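Worksheet: one structure, shown below.
Because the structure is predicted, anything quoted here is derived from the model rather than measured. Numbers restart at 1 for each chain; the letters A, B, ... are given by sequence-line order, proteins then strands.
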Amino acid sequence: MDKVAPSAYFQNISSPCFLQSILSMSLSHHLRGCSTLMIQNLPVLQLIQQCSTPKLLESALAAMIKMSQCQDCYFMNQFITACTSFNRLDLAVSSMTQMHQPNVFVYNALIKGFVTCSYPIRSLEFYVRMLRDSVSPSSYTYSSLVKASLSASGFGESLQAHICKFGFGFHVQIQTTLIGFYSASGRIKEARKVFDEMPQRDDVTWTTMVSAYRQVLDMNSATSLANQMPERNVATWNCLIDGYMRLGNLEEAESLFNQMPVKDIISWTTMVNGYSHNKRYGEAISVFYKMTEQRIIPDEITMSTVISACAHLGVLEIGKEVHMYTVQNGFVLDVYIGSALVDMYSKCGKLERALLVFFNLPKRNLFCWNAIIEGLAAHGYALEALKMFAKMERELVKPNAVTFVSVLTACTHAGLVEEGRRIYRRMIDDFSIVYNVEHYGCMVALFSKAGLIHEALELIGSMEFEPNAVIWGALLDGCRIHKNLEIAEIAFNKLMVLEPRNSGYYFLLISMYAEEKRWGDVAEVRGRMRELGIEKICPGTSSIEIEKQVHLFAAADKSHSASDEVYLLIDEIYEQMGLPGYVQETENVY
DNA sequence: GTAGGGTTAG
(Lines give C-alpha, C1' and ligand atoms only; values in the text may rest on other atoms or scores of the structure.)
Protein backbone atom coordinates (compact mmCIF):
# COMPACT_ATOMS: atom_id res chain seq x y z
CA MET A 1 0.00 0.00 0.00
CA ASP A 2 1.26 3.46 -0.83
CA LYS A 3 1.96 5.89 1.87
CA VAL A 4 -0.89 8.34 2.14
CA ALA A 5 -0.09 11.98 1.71
CA PRO A 6 -0.78 14.11 4.76
CA SER A 7 -3.24 16.18 2.73
CA ALA A 8 -5.47 13.12 2.42
CA TYR A 9 -5.82 13.14 6.18
CA PHE A 10 -6.61 16.78 6.27
CA GLN A 11 -9.62 16.22 4.05
CA ASN A 12 -10.99 13.79 6.59
CA ILE A 13 -11.00 16.34 9.27
CA SER A 14 -13.83 18.75 9.37
CA SER A 15 -12.52 21.43 11.69
CA PRO A 16 -11.47 24.62 9.90
CA CYS A 17 -9.09 25.40 12.73
CA PHE A 18 -7.33 22.17 12.14
CA LEU A 19 -4.39 23.42 10.08
CA GLN A 20 -3.96 26.33 12.35
CA SER A 21 -3.82 24.10 15.36
CA ILE A 22 -0.94 22.22 13.77
CA LEU A 23 0.89 25.38 12.87
CA SER A 24 0.53 26.85 16.28
CA MET A 25 1.46 23.71 18.07
CA SER A 26 4.24 24.18 20.52
CA LEU A 27 5.15 20.69 19.52
CA SER A 28 7.14 21.73 16.46
CA HIS A 29 9.08 24.10 18.60
CA HIS A 30 9.70 21.39 21.08
CA LEU A 31 10.91 19.00 18.43
CA ARG A 32 13.48 21.26 16.87
CA GLY A 33 16.91 19.89 17.57
CA CYS A 34 15.73 16.55 18.92
CA SER A 35 17.62 13.77 17.32
CA THR A 36 16.72 10.47 18.87
CA LEU A 37 13.43 8.82 17.99
CA MET A 38 12.63 8.20 21.63
CA ILE A 39 12.59 11.82 22.53
CA GLN A 40 10.77 12.80 19.41
CA ASN A 41 8.00 10.30 20.08
CA LEU A 42 7.41 11.18 23.65
CA PRO A 43 5.49 14.40 23.13
CA VAL A 44 3.17 12.83 20.54
CA LEU A 45 2.28 10.06 22.92
CA GLN A 46 1.69 12.56 25.69
CA LEU A 47 -0.45 14.60 23.38
CA ILE A 48 -2.59 11.55 22.68
CA GLN A 49 -2.81 10.35 26.25
CA GLN A 50 -3.52 13.73 27.75
CA CYS A 51 -6.24 14.75 25.34
CA SER A 52 -8.80 16.72 27.27
CA THR A 53 -10.91 18.09 24.41
CA PRO A 54 -12.01 16.76 21.00
CA LYS A 55 -10.00 19.55 19.42
CA LEU A 56 -6.81 18.22 20.97
CA LEU A 57 -7.70 14.84 19.50
CA GLU A 58 -7.32 16.35 16.06
CA SER A 59 -4.02 17.95 17.05
CA ALA A 60 -2.84 14.60 18.32
CA LEU A 61 -3.68 12.95 15.02
CA ALA A 62 -1.89 15.73 13.18
CA ALA A 63 1.16 15.14 15.30
CA MET A 64 1.02 11.43 14.62
CA ILE A 65 0.89 12.08 10.90
CA LYS A 66 3.68 14.55 11.08
CA MET A 67 5.89 12.17 12.99
CA SER A 68 4.89 9.26 10.71
CA GLN A 69 3.55 7.33 13.64
CA CYS A 70 0.29 6.28 11.98
CA GLN A 71 1.60 2.82 11.20
CA ASP A 72 2.68 2.25 14.78
CA CYS A 73 0.21 -0.08 16.48
CA TYR A 74 0.94 1.18 19.98
CA PHE A 75 0.33 4.80 18.98
CA MET A 76 -2.83 3.85 17.12
CA ASN A 77 -4.11 1.86 20.06
CA GLN A 78 -3.67 4.87 22.32
CA PHE A 79 -5.20 7.18 19.76
CA ILE A 80 -8.32 5.01 19.33
CA THR A 81 -8.72 4.85 23.10
CA ALA A 82 -8.62 8.65 23.21
CA CYS A 83 -11.17 8.85 20.35
CA THR A 84 -13.49 6.57 22.31
CA SER A 85 -13.67 8.94 25.23
CA PHE A 86 -14.87 11.76 22.93
CA ASN A 87 -17.18 9.58 20.85
CA ARG A 88 -15.07 10.42 17.77
CA LEU A 89 -14.76 6.95 16.34
CA ASP A 90 -14.97 8.44 12.86
CA LEU A 91 -11.44 9.76 13.44
CA ALA A 92 -10.36 6.39 14.79
CA VAL A 93 -11.74 4.50 11.78
CA SER A 94 -10.40 6.86 9.17
CA SER A 95 -6.90 6.62 10.58
CA MET A 96 -6.80 2.92 11.47
CA THR A 97 -8.12 1.84 8.06
CA GLN A 98 -5.01 3.44 6.56
CA MET A 99 -2.77 1.09 8.49
CA HIS A 100 -0.92 -1.62 6.62
CA GLN A 101 -0.93 -4.12 9.45
CA PRO A 102 -3.10 -3.26 12.41
CA ASN A 103 -2.46 -5.79 15.18
CA VAL A 104 -4.75 -7.29 17.77
CA PHE A 105 -4.31 -4.30 20.12
CA VAL A 106 -5.51 -1.89 17.46
CA TYR A 107 -8.55 -4.02 16.68
CA ASN A 108 -9.31 -4.53 20.35
CA ALA A 109 -9.24 -0.80 21.00
CA LEU A 110 -11.62 -0.14 18.13
CA ILE A 111 -13.97 -2.99 19.04
CA LYS A 112 -14.07 -1.77 22.62
CA GLY A 113 -14.62 1.77 21.37
CA PHE A 114 -17.66 0.79 19.36
CA VAL A 115 -19.12 -1.13 22.28
CA THR A 116 -18.49 1.76 24.66
CA CYS A 117 -20.07 4.28 22.30
CA SER A 118 -23.10 1.99 21.75
CA TYR A 119 -22.43 0.84 18.21
CA PRO A 120 -22.51 -2.92 18.83
CA ILE A 121 -23.01 -3.87 15.17
CA ARG A 122 -19.96 -1.93 14.11
CA SER A 123 -17.86 -3.70 16.73
CA LEU A 124 -18.91 -7.01 15.20
CA GLU A 125 -18.10 -5.63 11.76
CA PHE A 126 -14.52 -4.92 12.80
CA TYR A 127 -14.30 -8.29 14.52
CA VAL A 128 -15.09 -9.92 11.16
CA ARG A 129 -12.58 -7.68 9.45
CA MET A 130 -10.00 -8.69 12.03
CA LEU A 131 -10.56 -12.39 11.31
CA ARG A 132 -10.33 -11.76 7.54
CA ASP A 133 -7.02 -9.99 8.19
CA SER A 134 -5.87 -13.18 9.92
CA VAL A 135 -5.35 -11.34 13.19
CA SER A 136 -6.03 -13.73 16.06
CA PRO A 137 -8.45 -12.40 18.68
CA SER A 138 -7.37 -12.31 22.31
CA SER A 139 -9.38 -12.65 25.49
CA TYR A 140 -9.79 -8.85 25.52
CA THR A 141 -11.50 -9.00 22.14
CA TYR A 142 -14.21 -11.20 23.57
CA SER A 143 -14.76 -9.34 26.78
CA SER A 144 -15.86 -6.38 24.64
CA LEU A 145 -17.74 -8.46 22.11
CA VAL A 146 -19.85 -10.28 24.65
CA LYS A 147 -21.20 -6.92 25.76
CA ALA A 148 -21.89 -6.00 22.15
CA SER A 149 -23.86 -9.15 21.51
CA LEU A 150 -26.07 -8.23 24.42
CA SER A 151 -27.42 -5.21 22.56
CA ALA A 152 -27.24 -6.86 19.14
CA SER A 153 -29.28 -9.85 20.23
CA GLY A 154 -28.90 -13.13 18.40
CA PHE A 155 -25.12 -13.04 18.27
CA GLY A 156 -24.62 -14.67 21.65
CA GLU A 157 -24.51 -18.27 20.46
CA SER A 158 -22.27 -17.75 17.47
CA LEU A 159 -19.97 -15.67 19.61
CA GLN A 160 -19.80 -18.45 22.17
CA ALA A 161 -18.77 -20.83 19.38
CA HIS A 162 -16.01 -18.44 18.34
CA ILE A 163 -14.81 -18.15 21.92
CA CYS A 164 -14.35 -21.93 22.03
CA LYS A 165 -12.83 -22.06 18.56
CA PHE A 166 -10.17 -19.54 19.46
CA GLY A 167 -9.27 -21.32 22.64
CA PHE A 168 -11.06 -19.32 25.34
CA GLY A 169 -13.52 -22.05 26.27
CA PHE A 170 -11.85 -22.36 29.66
CA HIS A 171 -10.87 -18.74 30.18
CA VAL A 172 -12.31 -17.78 33.57
CA GLN A 173 -12.98 -14.10 32.89
CA ILE A 174 -14.45 -14.64 29.45
CA GLN A 175 -16.71 -17.45 30.61
CA THR A 176 -17.79 -15.31 33.57
CA THR A 177 -18.67 -12.51 31.19
CA LEU A 178 -20.72 -15.02 29.20
CA ILE A 179 -22.65 -15.98 32.34
CA GLY A 180 -23.37 -12.31 32.87
CA PHE A 181 -24.49 -11.97 29.28
CA TYR A 182 -26.97 -14.86 29.45
CA SER A 183 -28.20 -13.65 32.82
CA ALA A 184 -28.81 -10.11 31.56
CA SER A 185 -30.90 -11.48 28.72
CA GLY A 186 -32.89 -13.58 31.19
CA ARG A 187 -31.54 -16.92 29.98
CA ILE A 188 -30.64 -18.48 33.30
CA LYS A 189 -30.44 -22.06 32.04
CA GLU A 190 -27.82 -21.10 29.47
CA ALA A 191 -25.95 -19.12 32.14
CA ARG A 192 -25.94 -22.13 34.44
CA LYS A 193 -24.74 -24.36 31.60
CA VAL A 194 -21.71 -22.15 31.09
CA PHE A 195 -21.12 -22.14 34.86
CA ASP A 196 -21.38 -25.91 35.14
CA GLU A 197 -19.01 -26.52 32.26
CA MET A 198 -16.27 -24.33 33.68
CA PRO A 199 -13.39 -26.44 34.99
CA GLN A 200 -12.20 -23.53 37.13
CA ARG A 201 -14.11 -20.70 38.72
CA ASP A 202 -13.12 -17.68 40.72
CA ASP A 203 -14.96 -15.49 43.23
CA VAL A 204 -16.49 -13.36 40.57
CA THR A 205 -17.80 -16.38 38.66
CA TRP A 206 -19.75 -17.55 41.70
CA THR A 207 -21.12 -14.11 42.46
CA THR A 208 -22.16 -13.62 38.85
CA MET A 209 -24.11 -16.85 38.88
CA VAL A 210 -25.75 -16.08 42.23
CA SER A 211 -26.63 -12.68 40.84
CA ALA A 212 -28.16 -14.34 37.78
CA TYR A 213 -30.64 -16.15 40.03
CA ARG A 214 -31.33 -12.95 41.92
CA GLN A 215 -32.08 -11.24 38.62
CA VAL A 216 -35.09 -13.52 38.17
CA LEU A 217 -35.86 -13.50 41.91
CA ASP A 218 -35.14 -17.21 42.20
CA MET A 219 -33.70 -16.83 45.67
CA ASN A 220 -33.90 -20.53 46.48
CA SER A 221 -31.43 -21.32 43.72
CA ALA A 222 -29.36 -18.27 44.59
CA THR A 223 -29.09 -19.34 48.22
CA SER A 224 -28.34 -22.97 47.50
CA LEU A 225 -25.60 -21.94 45.06
CA ALA A 226 -24.18 -19.48 47.60
CA ASN A 227 -24.08 -22.33 50.12
CA GLN A 228 -21.97 -24.40 47.73
CA MET A 229 -19.39 -21.66 47.39
CA PRO A 230 -15.95 -22.54 48.72
CA GLU A 231 -15.84 -19.21 50.53
CA ARG A 232 -18.71 -16.77 50.40
CA ASN A 233 -17.53 -13.23 49.69
CA VAL A 234 -19.13 -9.91 50.64
CA ALA A 235 -20.47 -9.37 47.13
CA THR A 236 -22.42 -12.63 47.31
CA TRP A 237 -23.83 -11.79 50.75
CA ASN A 238 -24.89 -8.41 49.41
CA CYS A 239 -26.44 -9.99 46.38
CA LEU A 240 -28.53 -12.34 48.52
CA ILE A 241 -29.66 -9.50 50.79
CA ASP A 242 -30.71 -7.43 47.81
CA GLY A 243 -32.59 -10.36 46.29
CA TYR A 244 -34.59 -11.06 49.47
CA MET A 245 -35.33 -7.35 49.81
CA ARG A 246 -36.68 -7.29 46.26
CA LEU A 247 -38.80 -10.31 47.04
CA GLY A 248 -40.24 -8.44 50.02
CA ASN A 249 -38.78 -10.97 52.43
CA LEU A 250 -37.38 -8.49 54.91
CA GLU A 251 -36.89 -11.04 57.67
CA GLU A 252 -34.50 -13.10 55.57
CA ALA A 253 -32.67 -10.00 54.37
CA GLU A 254 -32.27 -8.76 57.94
CA SER A 255 -31.13 -12.15 59.15
CA LEU A 256 -28.47 -12.35 56.42
CA PHE A 257 -27.33 -8.83 57.18
CA ASN A 258 -26.91 -9.70 60.86
CA GLN A 259 -25.16 -12.97 60.08
CA MET A 260 -22.58 -11.74 57.59
CA PRO A 261 -19.06 -11.66 58.96
CA VAL A 262 -17.90 -8.49 57.24
CA LYS A 263 -20.17 -5.67 56.08
CA ASP A 264 -19.05 -3.07 53.61
CA ILE A 265 -20.66 0.13 52.38
CA ILE A 266 -22.63 -1.77 49.76
CA SER A 267 -24.13 -4.04 52.43
CA TRP A 268 -25.40 -1.01 54.36
CA THR A 269 -26.65 0.76 51.28
CA THR A 270 -28.44 -2.39 50.15
CA MET A 271 -30.31 -2.42 53.46
CA VAL A 272 -31.24 1.26 53.23
CA ASN A 273 -32.39 0.78 49.67
CA GLY A 274 -34.22 -2.45 50.50
CA TYR A 275 -36.29 -0.82 53.24
CA SER A 276 -37.05 2.05 50.92
CA HIS A 277 -38.27 -0.25 48.15
CA ASN A 278 -40.55 -1.94 50.63
CA LYS A 279 -41.96 1.44 51.64
CA ARG A 280 -40.37 1.15 55.10
CA TYR A 281 -38.83 4.58 54.85
CA GLY A 282 -38.46 5.11 58.58
CA GLU A 283 -36.37 1.98 58.87
CA ALA A 284 -34.33 3.04 55.86
CA ILE A 285 -33.41 6.23 57.66
CA SER A 286 -32.71 4.37 60.93
CA VAL A 287 -30.27 2.04 59.20
CA PHE A 288 -28.54 5.05 57.73
CA TYR A 289 -28.10 6.60 61.18
CA LYS A 290 -26.93 3.28 62.59
CA MET A 291 -24.39 3.10 59.81
CA THR A 292 -22.96 6.52 60.59
CA GLU A 293 -22.90 5.67 64.31
CA GLN A 294 -20.66 2.74 63.43
CA ARG A 295 -18.39 5.15 61.60
CA ILE A 296 -19.08 3.64 58.21
CA ILE A 297 -18.67 6.48 55.72
CA PRO A 298 -21.57 6.56 53.27
CA ASP A 299 -21.04 7.50 49.65
CA GLU A 300 -23.11 9.23 46.95
CA ILE A 301 -25.17 6.11 46.32
CA THR A 302 -26.10 5.79 50.00
CA MET A 303 -26.97 9.46 50.19
CA SER A 304 -29.30 9.50 47.18
CA THR A 305 -31.18 6.53 48.63
CA VAL A 306 -31.54 8.15 52.05
CA ILE A 307 -32.66 11.48 50.60
CA SER A 308 -35.28 9.67 48.57
CA ALA A 309 -36.55 7.97 51.75
CA CYS A 310 -36.82 11.41 53.40
CA ALA A 311 -38.82 12.63 50.42
CA HIS A 312 -41.29 9.77 50.67
CA LEU A 313 -41.80 10.45 54.38
CA GLY A 314 -41.89 14.21 53.95
CA VAL A 315 -39.42 14.69 56.81
CA LEU A 316 -37.90 18.08 56.23
CA GLU A 317 -35.65 18.34 59.29
CA ILE A 318 -33.98 15.00 58.67
CA GLY A 319 -33.83 15.75 54.97
CA LYS A 320 -32.04 19.03 55.61
CA GLU A 321 -29.61 17.32 57.95
CA VAL A 322 -28.82 14.65 55.35
CA HIS A 323 -28.39 17.39 52.76
CA MET A 324 -25.96 19.18 55.07
CA TYR A 325 -24.09 15.94 55.55
CA THR A 326 -23.52 15.62 51.80
CA VAL A 327 -22.26 19.19 51.61
CA GLN A 328 -19.98 18.92 54.63
CA ASN A 329 -18.48 15.66 53.51
CA GLY A 330 -17.71 16.95 50.05
CA PHE A 331 -19.95 14.56 48.15
CA VAL A 332 -20.28 15.22 44.46
CA LEU A 333 -23.69 16.75 43.76
CA ASP A 334 -24.51 14.29 40.99
CA VAL A 335 -27.80 13.83 39.16
CA TYR A 336 -28.96 11.11 41.55
CA ILE A 337 -28.47 13.18 44.69
CA GLY A 338 -29.68 16.23 42.77
CA SER A 339 -33.02 14.80 41.71
CA ALA A 340 -33.55 13.21 45.10
CA LEU A 341 -32.93 16.57 46.80
CA VAL A 342 -35.23 18.46 44.43
CA ASP A 343 -37.92 15.89 45.07
CA MET A 344 -37.33 15.90 48.82
CA TYR A 345 -37.64 19.68 49.20
CA SER A 346 -40.63 19.79 46.94
CA LYS A 347 -42.43 16.96 48.78
CA CYS A 348 -41.67 18.68 52.09
CA GLY A 349 -43.42 21.79 50.82
CA LYS A 350 -40.23 23.78 50.26
CA LEU A 351 -40.58 24.49 46.57
CA GLU A 352 -38.24 27.46 46.72
CA ARG A 353 -35.46 25.35 48.12
CA ALA A 354 -36.18 22.72 45.49
CA LEU A 355 -35.77 25.36 42.79
CA LEU A 356 -32.59 26.64 44.39
CA VAL A 357 -31.07 23.18 44.42
CA PHE A 358 -32.28 22.54 40.88
CA PHE A 359 -30.73 25.66 39.40
CA ASN A 360 -27.47 25.07 41.23
CA LEU A 361 -26.99 21.55 39.94
CA PRO A 362 -23.80 21.22 37.92
CA LYS A 363 -25.49 18.66 35.65
CA ARG A 364 -29.16 17.91 35.09
CA ASN A 365 -30.59 14.78 33.56
CA LEU A 366 -34.16 13.71 32.81
CA PHE A 367 -34.75 12.74 36.44
CA CYS A 368 -33.84 16.20 37.72
CA TRP A 369 -36.18 17.86 35.25
CA ASN A 370 -38.99 15.46 36.02
CA ALA A 371 -38.59 16.09 39.74
CA ILE A 372 -38.80 19.88 39.42
CA ILE A 373 -41.67 19.82 36.91
CA GLU A 374 -43.60 17.47 39.16
CA GLY A 375 -42.82 19.73 42.12
CA LEU A 376 -44.19 22.79 40.38
CA ALA A 377 -47.27 20.91 39.19
CA ALA A 378 -47.97 19.44 42.62
CA HIS A 379 -47.74 22.87 44.24
CA GLY A 380 -50.28 24.24 41.80
CA TYR A 381 -47.82 26.23 39.71
CA ALA A 382 -49.19 24.98 36.43
CA LEU A 383 -47.89 27.72 34.18
CA GLU A 384 -44.45 27.53 35.76
CA ALA A 385 -44.43 23.77 35.26
CA LEU A 386 -45.20 24.31 31.57
CA LYS A 387 -42.49 26.93 31.33
CA MET A 388 -40.02 24.56 32.95
CA PHE A 389 -41.04 21.90 30.44
CA ALA A 390 -40.34 24.35 27.61
CA LYS A 391 -36.95 25.11 29.15
CA MET A 392 -36.19 21.44 29.33
CA GLU A 393 -36.95 21.13 25.63
CA ARG A 394 -34.69 24.07 24.83
CA GLU A 395 -31.89 22.37 26.71
CA LEU A 396 -32.46 19.33 24.51
CA VAL A 397 -33.32 16.92 27.31
CA LYS A 398 -35.73 14.36 25.91
CA PRO A 399 -38.85 14.01 28.04
CA ASN A 400 -40.33 10.59 28.85
CA ALA A 401 -43.72 9.24 29.89
CA VAL A 402 -43.17 10.40 33.48
CA THR A 403 -42.58 13.98 32.36
CA PHE A 404 -45.91 14.07 30.58
CA VAL A 405 -47.84 12.78 33.57
CA SER A 406 -46.66 15.86 35.46
CA VAL A 407 -47.15 18.25 32.56
CA LEU A 408 -50.67 17.00 31.86
CA THR A 409 -51.49 17.08 35.58
CA ALA A 410 -50.46 20.73 35.58
CA CYS A 411 -52.86 21.39 32.70
CA THR A 412 -55.67 19.68 34.62
CA HIS A 413 -55.10 21.74 37.74
CA ALA A 414 -55.14 24.99 35.77
CA GLY A 415 -57.96 23.95 33.46
CA LEU A 416 -55.75 24.44 30.40
CA VAL A 417 -57.76 22.25 28.04
CA GLU A 418 -56.29 23.41 24.74
CA GLU A 419 -52.71 23.35 26.02
CA GLY A 420 -53.30 19.86 27.41
CA ARG A 421 -54.71 18.68 24.11
CA ARG A 422 -51.72 20.11 22.24
CA ILE A 423 -49.19 18.45 24.57
CA TYR A 424 -51.08 15.19 24.46
CA ARG A 425 -50.82 15.17 20.65
CA ARG A 426 -47.14 16.10 20.76
CA MET A 427 -46.40 13.07 22.91
CA ILE A 428 -46.97 10.88 19.86
CA ASP A 429 -46.10 13.31 17.08
CA ASP A 430 -42.86 14.73 18.46
CA PHE A 431 -41.69 12.19 21.00
CA SER A 432 -43.23 8.84 19.96
CA ILE A 433 -44.26 8.14 23.53
CA VAL A 434 -46.94 5.50 23.90
CA TYR A 435 -49.84 6.63 26.11
CA ASN A 436 -50.18 4.74 29.34
CA VAL A 437 -53.13 4.56 31.69
CA GLU A 438 -51.89 7.58 33.63
CA HIS A 439 -51.85 9.79 30.58
CA TYR A 440 -55.42 8.80 29.79
CA GLY A 441 -56.25 9.45 33.41
CA CYS A 442 -54.85 12.98 33.11
CA MET A 443 -56.81 13.69 29.92
CA VAL A 444 -60.05 12.25 31.28
CA ALA A 445 -59.60 14.38 34.39
CA LEU A 446 -58.80 17.43 32.26
CA PHE A 447 -61.91 17.01 30.08
CA SER A 448 -64.20 16.04 32.95
CA LYS A 449 -63.17 18.93 35.14
CA ALA A 450 -63.73 21.32 32.25
CA GLY A 451 -67.22 19.95 31.72
CA LEU A 452 -66.36 18.14 28.50
CA ILE A 453 -67.93 14.98 29.87
CA HIS A 454 -68.81 13.50 26.50
CA GLU A 455 -65.33 14.03 25.16
CA ALA A 456 -63.93 12.34 28.26
CA LEU A 457 -66.26 9.39 27.71
CA GLU A 458 -65.23 9.21 24.07
CA LEU A 459 -61.57 9.12 25.03
CA ILE A 460 -62.21 6.28 27.46
CA GLY A 461 -63.89 4.38 24.64
CA SER A 462 -60.87 4.87 22.40
CA MET A 463 -58.39 3.39 24.89
CA GLU A 464 -56.64 0.26 23.75
CA PHE A 465 -56.77 -1.27 27.21
CA GLU A 466 -59.34 -1.59 29.98
CA PRO A 467 -59.82 1.67 31.88
CA ASN A 468 -59.05 1.39 35.59
CA ALA A 469 -60.75 2.87 38.62
CA VAL A 470 -58.68 6.08 38.46
CA ILE A 471 -60.09 6.81 34.99
CA TRP A 472 -63.71 6.16 35.90
CA GLY A 473 -63.18 7.95 39.20
CA ALA A 474 -61.96 11.05 37.36
CA LEU A 475 -65.02 10.93 35.12
CA LEU A 476 -67.32 10.48 38.11
CA ASP A 477 -65.76 13.46 39.82
CA GLY A 478 -66.27 15.57 36.70
CA CYS A 479 -69.90 14.47 36.61
CA ARG A 480 -70.29 15.62 40.21
CA ILE A 481 -68.85 19.05 39.43
CA HIS A 482 -70.99 19.49 36.33
CA LYS A 483 -74.04 17.68 37.70
CA ASN A 484 -74.28 15.05 34.97
CA LEU A 485 -76.15 12.24 36.70
CA GLU A 486 -76.66 10.19 33.56
CA ILE A 487 -72.97 9.64 32.88
CA ALA A 488 -72.21 9.54 36.61
CA GLU A 489 -74.32 6.39 36.76
CA ILE A 490 -72.32 4.83 33.91
CA ALA A 491 -69.05 5.59 35.71
CA PHE A 492 -70.47 4.40 39.02
CA ASN A 493 -71.52 1.04 37.56
CA LYS A 494 -68.07 0.50 36.12
CA LEU A 495 -66.52 1.38 39.46
CA MET A 496 -68.80 -1.09 41.20
CA VAL A 497 -67.09 -3.84 39.20
CA LEU A 498 -63.58 -2.51 39.70
CA GLU A 499 -63.70 -1.38 43.32
CA PRO A 500 -67.01 -2.43 44.85
CA ARG A 501 -65.77 -1.87 48.38
CA ASN A 502 -64.64 1.72 47.97
CA SER A 503 -67.21 3.68 49.93
CA GLY A 504 -66.20 7.01 48.39
CA TYR A 505 -67.99 6.28 45.13
CA TYR A 506 -71.23 5.39 46.93
CA PHE A 507 -71.20 8.61 48.93
CA LEU A 508 -70.50 10.59 45.80
CA LEU A 509 -73.47 9.15 43.95
CA ILE A 510 -75.70 9.45 47.01
CA SER A 511 -74.90 13.15 47.33
CA MET A 512 -75.74 13.65 43.64
CA TYR A 513 -79.10 11.89 44.04
CA ALA A 514 -79.78 13.86 47.19
CA GLU A 515 -79.17 17.09 45.39
CA GLU A 516 -81.82 16.12 42.83
CA LYS A 517 -84.05 15.03 45.70
CA ARG A 518 -84.20 11.51 44.28
CA TRP A 519 -84.69 9.95 47.68
CA GLY A 520 -85.69 6.57 46.28
CA ASP A 521 -82.34 6.25 44.55
CA VAL A 522 -80.55 7.44 47.68
CA ALA A 523 -82.24 4.69 49.65
CA GLU A 524 -81.37 2.10 47.02
CA VAL A 525 -77.63 2.92 47.06
CA ARG A 526 -77.73 2.99 50.84
CA GLY A 527 -79.34 -0.46 50.79
CA ARG A 528 -76.59 -1.76 48.51
CA MET A 529 -73.98 -0.46 50.87
CA ARG A 530 -75.66 -2.18 53.79
CA GLU A 531 -75.89 -5.45 51.86
CA LEU A 532 -72.18 -5.36 51.13
CA GLY A 533 -71.40 -4.19 54.65
CA ILE A 534 -69.76 -0.98 53.47
CA GLU A 535 -69.92 1.69 56.08
CA LYS A 536 -66.86 3.66 56.91
CA ILE A 537 -64.67 5.63 54.64
CA CYS A 538 -61.26 3.98 54.74
CA PRO A 539 -58.94 6.73 55.81
CA GLY A 540 -55.59 7.37 54.21
CA THR A 541 -52.82 8.13 56.65
CA SER A 542 -50.57 11.11 56.85
CA SER A 543 -47.36 11.51 58.75
CA ILE A 544 -45.78 14.28 60.72
CA GLU A 545 -42.22 14.66 61.91
CA ILE A 546 -41.67 15.86 65.46
CA GLU A 547 -38.14 15.96 66.81
CA LYS A 548 -36.96 13.47 64.19
CA GLN A 549 -39.70 11.01 65.15
CA VAL A 550 -42.25 10.17 62.50
CA HIS A 551 -45.87 9.91 63.66
CA LEU A 552 -48.67 8.49 61.52
CA PHE A 553 -52.21 9.71 61.85
CA ALA A 554 -55.53 9.40 60.08
CA ALA A 555 -59.03 10.88 60.11
CA ALA A 556 -60.96 9.87 63.25
CA ASP A 557 -57.72 8.35 64.54
CA LYS A 558 -57.91 7.42 68.24
CA SER A 559 -54.56 5.66 68.45
CA HIS A 560 -52.57 8.52 69.93
CA SER A 561 -54.00 7.96 73.39
CA ALA A 562 -50.62 8.63 74.97
CA SER A 563 -50.91 12.28 74.13
CA ASP A 564 -54.25 13.55 75.30
CA GLU A 565 -53.35 17.14 74.40
CA VAL A 566 -53.71 16.21 70.76
CA TYR A 567 -57.40 15.43 71.26
CA LEU A 568 -57.95 18.47 73.45
CA LEU A 569 -56.56 20.58 70.64
CA ILE A 570 -58.77 18.89 68.07
CA ASP A 571 -61.80 19.62 70.26
CA GLU A 572 -60.79 23.24 70.39
CA ILE A 573 -60.47 23.41 66.62
CA TYR A 574 -63.96 21.94 66.25
CA GLU A 575 -65.29 24.55 68.64
CA GLN A 576 -63.70 27.34 66.66
CA MET A 577 -65.18 25.95 63.48
CA GLY A 578 -68.59 26.64 65.01
CA LEU A 579 -67.77 30.30 65.59
CA PRO A 580 -69.17 33.05 63.37
CA GLY A 581 -66.99 33.87 60.37
CA TYR A 582 -66.14 30.29 59.50
CA VAL A 583 -68.25 28.86 56.71
CA GLN A 584 -68.11 25.11 56.26
CA GLU A 585 -68.44 23.67 52.79
CA THR A 586 -71.19 21.14 53.21
CA GLU A 587 -72.49 20.83 49.68
CA ASN A 588 -71.22 17.32 49.24
CA VAL A 589 -71.58 16.16 52.80
CA TYR A 590 -74.34 13.68 52.99
C1' DG B 1 -11.00 -6.89 31.87
C1' DT B 2 -15.16 -10.23 34.58
C1' DA B 3 -19.28 -9.63 40.56
C1' DG B 4 -22.71 -6.77 44.72
C1' DG B 5 -25.77 -0.87 46.25
C1' DG B 6 -28.55 4.99 43.58
C1' DT B 7 -32.51 9.58 41.50
C1' DT B 8 -38.29 11.25 39.10
C1' DA B 9 -44.36 9.21 38.47
C1' DG B 10 -47.76 5.40 39.76
Look at the side chain of Glu384(A) and the backbone N and O of Ala377(A), then say whether any donor-acceptor pair between them is shorter than 3.5 Å.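 No, because the side chain of Glu384(A) does not come within donor-acceptor range (under 3.5 Å) of the backbone of Ala377(A).
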Just checking [X]: base, sugar-phosphate only, or nothing, at a heavy-atom cut-off of under 4.0 Å?
X	value
Gln175(A)	nothing
Val172(A)	nothing
Asn436(A)	nothing
Val335(A)	base
Ser139(A)	base
Ile307(A)	nothing
Thr208(A)	sugar-phosphate
Arg246(A)	sugar-phosphate
Thr302(A)	base
Lys263(A)	nothing
Ile174(A)	base
Asp203(A)	nothing
Ile265(A)	base
Asn400(A)	nothing

Pair Glu499(A) + Lys494(A), salt bridge at N-O below 4.0 Å: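 A salt bridge is absent here (no side-chain N lies under 4.0 Å from a carboxylate O).
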By side chain to side chain contact (heavy atoms under 4.5 Å, CB included), which residues pair with Thr305(A), not counting sequence neighbours?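 Result, side chain to side chain contact (heavy atoms under 4.5 Å, CB included) vs Thr305(A): Thr269(A), Val272(A), Asn273(A).
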Qualifying residues under side chain to side chain contact (heavy atoms under 4.5 Å, CB included), relative to Arg394(A), sequence neighbours excluded: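 So Arg394(A) forms a side chain to side chain contact (heavy atoms under 4.5 Å, CB included) with Ala390(A), Lys391(A).
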Where at least one partner belongs to residues 266-280 of chain A, residue pairs that pass salt bridge (Lys or Arg N to Asp or Glu O under 4.0 Å), sequence neighbours excluded: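 Salt bridge (Lys or Arg N to Asp or Glu O under 4.0 Å) check on residues 266-280 of chain A returns Arg280(A)-Glu283(A).
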Pairing residues for Tyr213(A) by the ring-ring contact (aromatic ring centres under 6.0 Å, His included) criterion, not counting sequence neighbours: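 In terms of ring-ring contact (aromatic ring centres under 6.0 Å, His included), with neighbours along the sequence ignored, Tyr213(A) is linked to no residue.
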Taking any atom closer than 4.0 angstrom to a non-hydrogen atom of chain A, what span of DNA chain B does the protein reach, first nucleotide to last?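 Range of nucleotides within reach of chain A: dG1(B) to dG10(B).
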According to the ring pair (Phe, Tyr, Trp, His ring centres under 6.0 Å) rule, which pairs have a member within residues 361-397 of chain A, sequence neighbours left out?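 For residues 361-397 of chain A: Phe358(A)-Trp369(A), Phe389(A)-Phe404(A).
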